[in-house]
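Only this structure's heavy atoms are used, side chains among them; waters, hydrogens and symmetry mates stay out.
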Amino acid sequence: MDIIGTVLWPIKWVIEAILVAFHWVFTSIGMNGDDGTTWVLSIVGLVLVVRAALIPIFVRQIKSQRRMLEVAPQLKKIQDKYKGKKDQFSREAMSRETMEMYKKTGTNPLSSCLPLLLQMPIFFGLFSVLQNAQHEGIGVGLLTKGLSHSFGESVFLGAPLKLAISTADGSVPVIVIASIMVVLMTASQFITQLQIMSKNQSPEMKSSPMYKQQRMLLYVLPFIFLFSGFTFPLGVMFYWLVSNFWTMAQQFIVIRNMPTPGSEAALAREARLAKKGQRRGITIIEDEAPEVPEEPKATQRAQPVNPKNRKKKKKR
């Protein structure tokens with residue numbers, strides 16, 4: 001077993017366990033175990049489990065992005081300091097000061113890519129499981145020879161899940177389904193990135209180099225999906241597509257409820273909260289204002305008169 005196979009072995013074992021578990025659930029309720037729909041739903045279940053497990057990392061990613069936003073002005077000062085200086089000494093000094101700033105503030109520019117990086121082994125692990133099933137091999141874990149054969153030969157809407165456009169030999173269903181998924185993947189990723197850039201960026205962030213990098217990714221990612229749509233089997237593409245939909249929905253919830261301070265989304269959230277608070281205030285005044293009973297007026301207590309003083313008054 002090579003190094004990559006050794007690294008992927010535990011990942012493949014977990015992937016097979018989750019796939020077999022969901023496959024058992026769906027077949028237990030009467031679905032055909034050899035049908036592609038059953039295996040596609042099992043892949044969807046795999047996505048849900050993986051993405052749910054990555055939620056704590058996603059929360060850390062949001063916090064890291066907040067810190068990156070805070071240090072953006074400092075980063076811009078360093079870049080302006082060495083602007084136009086292309087000598088080796090200036091580049092090393094700029095890199096050194098940038099790394100010291102990251103270390104001092106506890107930020108990491110790569111943390112925003114962490115969820116995607118953690119999912120890449122799962123992509124390749126699922127690709128390896130499908131490739132193994134294509135040759136009807138026994139899995140490394142719970143995927144027996146019978147289940148491996150069922151997975152490898154499963155067909156979804158006339159297209160085998162183990163095939164890609166590059167290996168379809170002109171199969172129209174494979175080409176059509178793969179093309180539709182590429183379009184959906186590109187659209188979901190574009191919408192996700194667009195809502196981040198248009199609604200969840202502060203003015204300071206929009207003037208930083210990171211914003212320019214995000215704009216580049218907005219137009220580079222479609223080419224990545226074209227490549228994946230040509231080379232990846234349909235089973236792996238189903239995983240990627242459902243994962244993109246999860247990301248899009250998750251990002252929408254985050255932008256709506258935990259927007260970046262100073263961004264358009266943050267202003268919109270403040271307006272919603274203010275409007276909601278105003279409505280609650282009107283309701284309390286009109287409908288729920290309790291009647292406050294009037295307090296009894298305090299009467300001045302008469303001071304007792306000393307008996308000696310009474311006698312003096314009588315004499316007078």
Practice item. For the pair S188 (side chain) and F245 (backbone), establish whether a donor and an acceptor sit closer than 3.5 Å, ignoring hydrogens and angles. Key: no
Exercise for review: Would you please name every residue forming a salt bridge (Lys or Arg N to Asp or Glu O under 4.0 Å) with K77, sequence neighbours left out?
Suggested key: none
Exercise for review: Please tell me if the side chains of V242 and I43 come closer than 4.5 Å, counting only heavy atoms from C-beta onward.
Suggested key: no
Exercise for review: Find out if a path of hydrophobic residues (ILVMFWY) with successive side-chain heavy-atom gaps under 4.5 Å connects W9 to L143.
Suggested key: yes
Practice item. Answer with yes or no whether the hydrophobic clustering places L157 together with Y239; edges join I, L, V, M, F, W, Y residues whose side-chain heavy atoms lie under 4.5 Å apart. Key: yes
Check your understanding: Which class fits the ring pair W240 and F232: parallel under 30°, tilted 30 to 60°, perpendicular over 60°?
Key -> tilted
**Study point:** Minimum side-chain heavy-atom gap W39-F26 below 4.5 Å
**Key:** no
Check your understanding: Distance-only, no hydrogens or angles: does the R51 side chain make a donor-acceptor pair with backbone N or O of W246 under 3.5 Å?
Key -> no
Distance-only donor-acceptor hits, side chain of residues 266-274, under 3.5 Å, sequence neighbours excluded:
unit_1, atom_1, unit_2, atom_2, d
R269, NE, N257, O, 3.1
R272, NH2, R256, O, 2.9

Practice item. Tell me whether L41 is reachable from V155 by hopping between hydrophobic residues (I, L, V, M, F, W, Y) whose side-chain heavy atoms are closer than 4.5 Å. Key: no
Exercise for review: Report yes if the side chains of V129 and F151 come closer than 4.5 Å at any heavy-atom pair, otherwise no.
Suggested key: yes
Review point. What residue pairs, at least two apart or across chains, pass side-chain hydrogen bond (donor to acceptor under 3.5 Å, both in side chains) with a residue in residues 12-24?
Key: K12-S128
Point to revise | hydrophobic_cluster_shared for V176 and F156, side chain cutoff 4.5 Å | key: yes
Check your understanding: Do K162 and T167 come close enough that some side-chain heavy atom pair is under 4.5 Å?
Key -> no
**Study point:** Pairwise side-chain contact, L161 with F238, heavy-atom cut-off 4.5 Å (strictly under)
**Key:** yes
Review point. Going by heavy atoms in the side chains, are Q189 and M248 under 4.5 Å from each other?
Key: no
Practice item. Measure the CD1-CD distance between I255 and Q250 for me, rounded to the nearest 0.5 Å. Key: 11.0 Å
Exercise for review: Look at the side-chain heavy atoms of Ile, Leu, Val, Met, Phe, Trp and Tyr, link any pair under 4.5 Å apart, and say whether I180 and I191 land in one connected group.
Suggested key: yes
Practice item. Drop me the distance from M237's CE to N244's CG, to the nearest 0.5 angstrom. Key: 10.5 Å
**Study point:** Donor-acceptor contact present, side-chain S179 to main-chain I175, <3.5 Å
**Key:** yes
Practice item. Check whether any side-chain heavy atom of V174 lies under 4.5 Å from a side-chain heavy atom of P160, and answer yes or no. Key: yes
Practice item. Only one of T144, D34, D35, T27 passes side chain to side chain contact (heavy atoms under 4.5 Å, CB included) with S150; say which it is. Key: D34
Exercise for review: Compare every heavy atom of L8 with every heavy atom of P121, then report the nearest pair and how far apart it is.
Suggested key: O-CD2, 3.7 Å
Study note, to complete from the structure: Interatomic distance, OG1@T37 vs CG@N32, rounded to 0.5 Å, equals 9.0 Å
Practice item. Could you grab the distance from atom CG of L19 to atom OG1 of T38, nearest 0.5 Å is fine? Key: 12.5 Å
Review point. So do the side chains of E97 and K81 get within less than 4.5 Å of each other, counting heavy atoms only?
Key: yes
